[in-house]
Amino acid sequence: GNKGEFYTPRAVTRLMTELTKPKLNEKVLDPAAGTGGFLTEAIEFKRQKYVKSVNDEISLQQNIEGWEFKPVAYVLGLTNLIMHSIKSPNWTYTDSLKVEYNKISPKDQVDVILANPPFGAKIAEGVESNFPQSFRCKESAELFVVLIIKLLKKNGRAAIVLPDGCITGDGYKARIREKLLTDCNLHTIVKLPQSTFHPATVPTNLLFFEK
């Protein structure tokens, strides 16, 4: 087929899900869920690979969770999950960066995170103060990296999209990079063509890691 078809957002989202291999009983979270693309890929992956009974389907439905803050995306994502036969979507309207960092406990942590965090986005006033002093910044993508690490269980897995140049450099970027490399096994980085994800002028990378 057309080589460019591999680099569509849908194809990349599907690839990230397949490589992360969420198991039936593993909780999958997207804290920047948009219209639910990663979650619907996780649903389809689990249904095809694991669901053999009503109880399997119940387990699937209980282990899909999304957070989204933009009103239009929130409504579209909720609709998307319902159209994928999720009867009571675990779909929350919230600013993920306002989730109290220091109150995230083991019971709040999840097995798998799939996400394309917003980058270049303006964060709400004072949001950075929710994070440890050494990681505070105004960059949404960097703060999401810190949040995602916190939200993962030990041995949890993540696949995320980040802009080129994110967490490279000095200062808080170096400290976030050190946390990622210390707390996690960052085993794969895939550089994507410039036009794969919006905004099209920003080249992006896929990061795969285990906590």
Side-chain angles (χ1 to χ4, degrees), residues 9 27-39 64-78 80-81 89-154 156-184 186 197-207 209 211:
K27 172 66 74 69
V28 179
L29 169 67
D30 185 346
T35 58
F38 273 117
L39 297 182
I64 297 290
E65 182 172 1
W67 305 345
E68 177 52 43
F69 189 51
K70 293 181 179 179
V72 173
Y74 171 80
V75 172
L76 292 174
L78 179 62
N80 198 6
L81 292 183
N90 191 355
W91 184 252
T92 305
Y93 179 66
T94 188
D95 184 345
S96 300
L97 296 179
K98 288 185 177 179
V99 172
E100 291 190 62
Y101 183 90
N102 290 326
K103 290 189 177 180
I104 297 172
S105 67
K107 69 179 179 62
D108 302 313
Q109 294 174 327
V110 301
D111 302 286
V112 174
I113 290 179
L114 300 166
N116 178 11
F119 44 89
K122 184 178 180 181
I123 64 172
E125 187 68 29
V127 159
E128 69 276 10
S129 64
N130 183 38
F131 291 82
Q133 179 71 43
S134 59
F135 306 134
R136 291 178 186 175
C137 63
K138 296 287 188 179
E139 298 293 334
S140 55
E142 275 92 342
L143 291 176
F144 264 101
V145 172
V146 178
L147 176 65
I148 286 168
I149 295 171
K150 181 75 169 177
L151 286 169
L152 278 177
K153 291 180 179 179
K154 183 179 179 181
R157 309 181 303 287
I160 63 175
V161 182
L162 287 180
D164 207 23
C166 183
I167 68 170
T168 61
D170 300 324
Y172 71 85
K173 289 178 179 283
R175 293 189 290 271
I176 294 173
R177 182 172 66 251
E178 181 182 12
K179 179 175 181 60
L180 176 62
L181 296 176
T182 301
D183 291 3
C184 303
L186 175 61
F197 284 96
H198 177 80
T201 56
V202 179
T204 51
N205 301 302
L206 309 182
L207 275 63
F209 55 90
K211 188 169 180 181

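Below, all heavy atoms of this structure are taken into account, side chains as well, without hydrogens, waters or symmetry copies. Counting from 1, the numbers follow the sequence of the chain as shown. It should be emphasised that the depicted structure is a prediction, and the values quoted were computed from it without experimental measurement.
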Asks: With T92, which residues qualify under side-chain contact (heavy atoms from CB on, under 4.5 Å), at least two apart?
Replies: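 side-chain contact (heavy atoms from CB on, under 4.5 Å) list for T92, sorted by chain: W67, N90, T94.
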
Asks: Could you check L39 against N80 for side chain to side chain contact (heavy atoms under 4.5 Å, CB included), going step by step and ending with a plain yes or no?
Replies: CA-CA 9 Å; L39 297 182; N80 198 6; over 6 Å; no

Asks: Taking only residues two or more places apart in sequence or in another chain, which ones pass side-chain contact (heavy atoms from CB on, under 4.5 Å) with N205?
Replies: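 D164, I189, K191, L207.
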
Asks: Work out which heavy atom in E68 is nearest to a heavy atom in G34; give both atom names and the distance.
Replies: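 E68 and G34 have their closest heavy atoms at OE1-N, 2.6 Å.
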
Asks: Of all residues at least two apart in sequence or in a different chain, which pass the salt bridge (Lys or Arg N to Asp or Glu O under 4.0 Å) check with D183?
Replies: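 Salt bridge (Lys or Arg N to Asp or Glu O under 4.0 Å) list for D183, sorted by chain: K179.
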
Asks: What is the distance from atom CD1 of I176 to atom CD1 of I149, rounded to the nearest 0.5 Å?
Replies: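 Going from CD1 on I176 over to CD1 on I149, the span is 8.5 Å.
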
Asks: On a heavy-atom basis, which atom in C137 and which in L143 lie closest, and how many Å separate them?
Replies: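 For C137 versus L143, the nearest heavy atoms are O-CD1, 3.7 Å.
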
Asks: At their closest point, which heavy atom of C166 faces which heavy atom of A141, and how far apart are they?
Replies: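 Where C166 meets A141 most closely, the heavy atoms are SG-CB, 4.1 Å.
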
Asks: Could you tell me the separation between the NZ atom of K153 and the CD1 atom of I113, rounded to the nearest 0.5 Å?
Replies: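 Spacing of NZ (K153) from CD1 (I113) equals 11.5 Å.
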
Asks: For a quick test of reading the model, state the closest non-hydrogen atom pair linking D30 to A32 and the distance between them.
Replies: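 The pair with the smallest heavy-atom distance is OD1-N, 2.9 Å.
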
Asks: Could you tell me which residues satisfy salt bridge (Lys or Arg N to Asp or Glu O under 4.0 Å) with K27, sequence neighbours excluded, listed by chain and number?
Replies: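 In terms of salt bridge (Lys or Arg N to Asp or Glu O under 4.0 Å), with neighbours along the sequence ignored, K27 is linked to E65.
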
Asks: Please tell me if the side chains of V161 and L206 come closer than 4.5 Å, counting only heavy atoms from C-beta onward.
Replies: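 The answer is yes; the side chains approach within 4.5 Å.
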
Asks: By the definition side-chain contact (heavy atoms from CB on, under 4.5 Å), identify the one residue from K154, K150, Q109 that meets it with K211.
Replies: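 By the side-chain contact (heavy atoms from CB on, under 4.5 Å) criterion, K211 pairs with just one of K154, K150, Q109: Q109.
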
Asks: Could you tell me whether the side chain of D108 and the main chain of S105 form a donor-acceptor pair under 3.5 Å?
Replies: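 Checked: pair present.
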
Asks: CG of L186 to CD1 of I167: how many Å apart, nearest 0.5 Å?
Replies: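 Here the rounded value is 7.0 Å.
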
Asks: Donor-acceptor pair, E139 side chain versus F119 backbone, under 3.5 Å?
Replies: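 Not a single qualifying donor-acceptor pair exists.
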
Asks: Tell me, do F144 and I160 make a side-chain contact under 4.5 Å, heavy atoms counted?
Replies: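 No - every pair of side-chain heavy atoms lies 4.5 Å or more apart.
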
Asks: Taking salt bridge (Lys or Arg N to Asp or Glu O under 4.0 Å) as the definition, give me every residue that meets it alongside K173, ordered by chain and number, with sequence neighbours left out.
Replies: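 E142.
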
Asks: Are E128 and K138 packed together at the side-chain level, in the sense that at least one heavy-atom pair is separated by less than 4.5 angstrom?
Replies: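 Contact flag for E128/K138 side chains = yes.
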
Asks: Sequence neighbours left out, what passes ring pair (Phe, Tyr, Trp, His ring centres under 6.0 Å) with F135? Give chain and number order.
Replies: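 Residues passing ring pair (Phe, Tyr, Trp, His ring centres under 6.0 Å) with F135: none at all.
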
Asks: Which pair of non-hydrogen atoms, one from F131 and one from L97, has the smallest distance, and what is that distance?
Replies: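 Looking at all heavy atoms of both residues, the closest pair is CE1-O, 3.6 Å.
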
Asks: Could you tell me whether a side-chain N or O of D95 sits under 3.5 Å from a main-chain N or O of F69, the two making a donor and an acceptor?
Replies: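 Checked: no pair found.
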
Asks: Using only atom types and a distance under 3.5 Å, with no angle test, would you say the side chain of E100 pairs donor to acceptor with the backbone of N102?
Replies: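 Flag not set: sc E100 to bb N102 has no pair under 3.5 Å.
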
Asks: W91 and T35: which non-hydrogen atoms are nearest, and at how many Å?
Replies: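 Looking at all heavy atoms of both residues, the shortest contact is CH2-C, 4.5 Å.
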
Asks: Quick check: do L151 and S96 have side-chain heavy atoms less than 4.5 Å from each other?
Replies: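 With C-beta onward as the side chain, the pair stays apart.
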
Asks: Show, in sequence, the C-alpha distance, side-chain angles and deciding distance for I148 and F209, and conclude whether the side chain to side chain contact (heavy atoms under 4.5 Å, CB included) test is met.
Replies: CA-CA 11 Å; I148 286 168; F209 55 90; 4.1 Å; yes

Asks: Are any side-chain N or O atoms of R175 and backbone N or O atoms of R136, one a donor and one an acceptor, separated by less than 3.5 Å?
Replies: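 Judged by distance alone, no pair lies under 3.5 Å.
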
